[in-house]
There are 2 protein chains.
Amino acid sequence: MASALEKARKDPESMKGKILTVARRIFGEYGFHGTTTRMIALEVGIDISTLHYHWGEKGDLYEAVVLDISKDLGQELIKVEKRIHGLPLQDRLAISIDRMTEYFFAHPEISNLILFRYFGKTREEAGLDFKVPEFTADIARSMGLAKDRQNVPPDVMMKVLGMMNSIHSFVCGENFFRPMVNLDRGTYIDMAKNTLKFIHIPAFTQNTDLTGA
Amino acid sequence: MASALEKARKDPESMKGKILTVARRIFGEYGFHGTTTRMIALEVGIDISTLHYHWGEKGDLYEAVVLDISKDLGQELIKVEKRIHGLPLQDRLAISIDRMTEYFFAHPEISNLILFRYFGKTREEAGLDFKVPEFTADIARSMGLAKDRQNVPPDVMMKVLGMMNSIHSFVCGENFFRPMVNLDRGTYIDMAKNTLKFIHIPAFTQNTDLTGA
DNA sequence: ATGTGGTTCCATCAATTGATTGAATCGTAA
DNA sequence: TTACGATTCAATCAATTGATGGAACCACAT
């Protein structure tokens, strides 16, 4: 049933919505196994039975969170795509990196959950995924690096993945990295953006072909 | 007591050593909370009480794993540093990326645990860390991007962090990314290396200064 | 007020999990 | 062989955790 999720997404003030919001954050911070239903319920200020009443078992709530985030991300990607449509590659890259970085820093639980999904195994096999392959191919296409979303060359996929992962890394690693460079949050975000642009734009615009095996 | 760890490191065939080896992998795959002492014991083929006899409580074993990996990584960095000493920047970067990528792909649990350490919260506060700040500063210095390991400029720190994280991402994300690009392991690793060099070398060698706020 | 459907919480359960105890086992030196 | 320390395991405990049942509560139409 996507109806439960749709209702929660449309009415964030409802109990379903409040639980979903908190669950996104807690699952993002602690991962699936590190999160207990009691942690979420406590944060919302409700009993665990209320949580189960609305979302079923823990795994179902987690799937709802993944789906919720996947939808948000998809919407954001469409917005960015419209914004950059028709611009020269250099500008498309710069604007995309700025906006996506801004977006993920505003919603760090998205980056957190995506990285957890990539890297961490769950004891019970997880069925649902983040549509990362589709999103990645879409980004490649909207960047003008591939004609259509099918048949994106592997090296382009790798570059796009590398770029997205770089953003996620700076977002998820903020608690760890920011004390290292001793910057306030705003400056850290700006520096992340500039570093990302500085690093990744040349990778897509330079002509030298080093990617051949 | 570092003596227990030292013994395990010197004699990987000992029970302490076998447990440590398995623990590295399992903790890396499932994270701290996702790993149970029974999973480790089962894999080693022993009883959990034997595991506790050798390593104390779960958190102690995890700390030993972190310390173990930190030492391995430190040794590898020293090797790389010797290898690239005196070479021009371009070569230092290329060789470092090749070797570090090769190394992490050969020991993916190191990348896994580092990323878990960065990104995931543990319910009980973890005391020990990976000496990432020191390592990062060391890398910056050995790259010739800073005079000494103190006072590495923030933008250089960010670039180095970005580079290291990119490597970890390709390593940790292999199970997720490789099916997307449909490559065998060797080709995937080669393409990761080339992509990393292609992306990061220009970031350190080009003159354009985009990092200023 | 009365009933009804939807919601919430208290009490509780079963399974999992980290950890310990005490008995058995093994290697080895006397 | 015997004795002793080190190691291993079966059995067990207490705490945590996911999940449920049933009573209480609430809003609202009749």
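Letters A, B, ... mirror the listed sequences (proteins, then strands); counts begin at 1.
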What integer distance in Å separates B:Ile48:CD1 from D:dC13:C1'? 11 Å
So, does B:Thr50 get its side chain near the phosphate of D:dC9, meaning an N or O under 4.0 Å from OP1 or OP2? yes
Atom pair distance, as rounded to whole Å: CZ in B:Phe27 and C1' in C:dG18: 11 Å
What is the distance, rounded to the nearest whole Å, between atom NE2 of B:His54 and atom C1' of D:dC9? 12 Å
Of A:Asp47 and B:Thr35, the one whose closest nucleotide on DNA chain C sits nearer the 5' end is A:Asp47
In whole Å, what is the span from the CD atom of A:Glu57 to the C1' atom of C:dC13? 16 Å
So do B:Met191 and B:Leu183 actually touch side chain to side chain, heavy atoms under 4.5 Å? yes
May I have the distance from B:Ile40 (atom CD1) to C:dT16 (atom P), rounded to whole angstrom? 18 Å
Quick one: label A:Thr36 by what it contacts on the DNA or RNA (base, sugar-phosphate, nothing), any heavy atom closer than 4.0 Å. sugar-phosphate
Between C:dG18 (C1') and B:Leu42 (CG): distance, integer Å: 16 Å
Check the distance between D:dC9's C1' and B:His52's NE2 and give it to me in whole angstrom. 14 Å
Is the number of heavy atoms from other residues, nucleotides or ligands within 6.0 Å of CG (A:Asn182) greater than 12? no
Check whether the side chains of A:Asp190 and A:Thr187 place a donor and an acceptor atom closer than 3.5 Å, and report yes or no. no
Decide if atom CG of B:Asn151 counts as having more than 12 heavy atoms of other residues, nucleotides or ligands within a radius under 6.0 Å. no
Check whether NZ of the Lys or CZ of the Arg B:Lys58 lies under 6.0 Å from the centre of the six-membered ring of B:Phe32 and within 45 degrees of that ring's axis. yes
For A:Ile46, report the nucleic acid contact type (base, sugar-phosphate, nothing); a contact means any heavy atom under 4.0 Å. sugar-phosphate
Once hydrogens and angles are ignored, does a donor-acceptor distance under 3.5 Å link the base of C:dA19 to the side chain of B:Thr37? no
Does C:dT8 have OP1 or OP2 under 4.0 Å away from a side-chain N or O of A:Tyr53? no
Please report the distance, rounded to the nearest Å, between CH2 in B:Trp55 and P in C:dG18. 18 Å
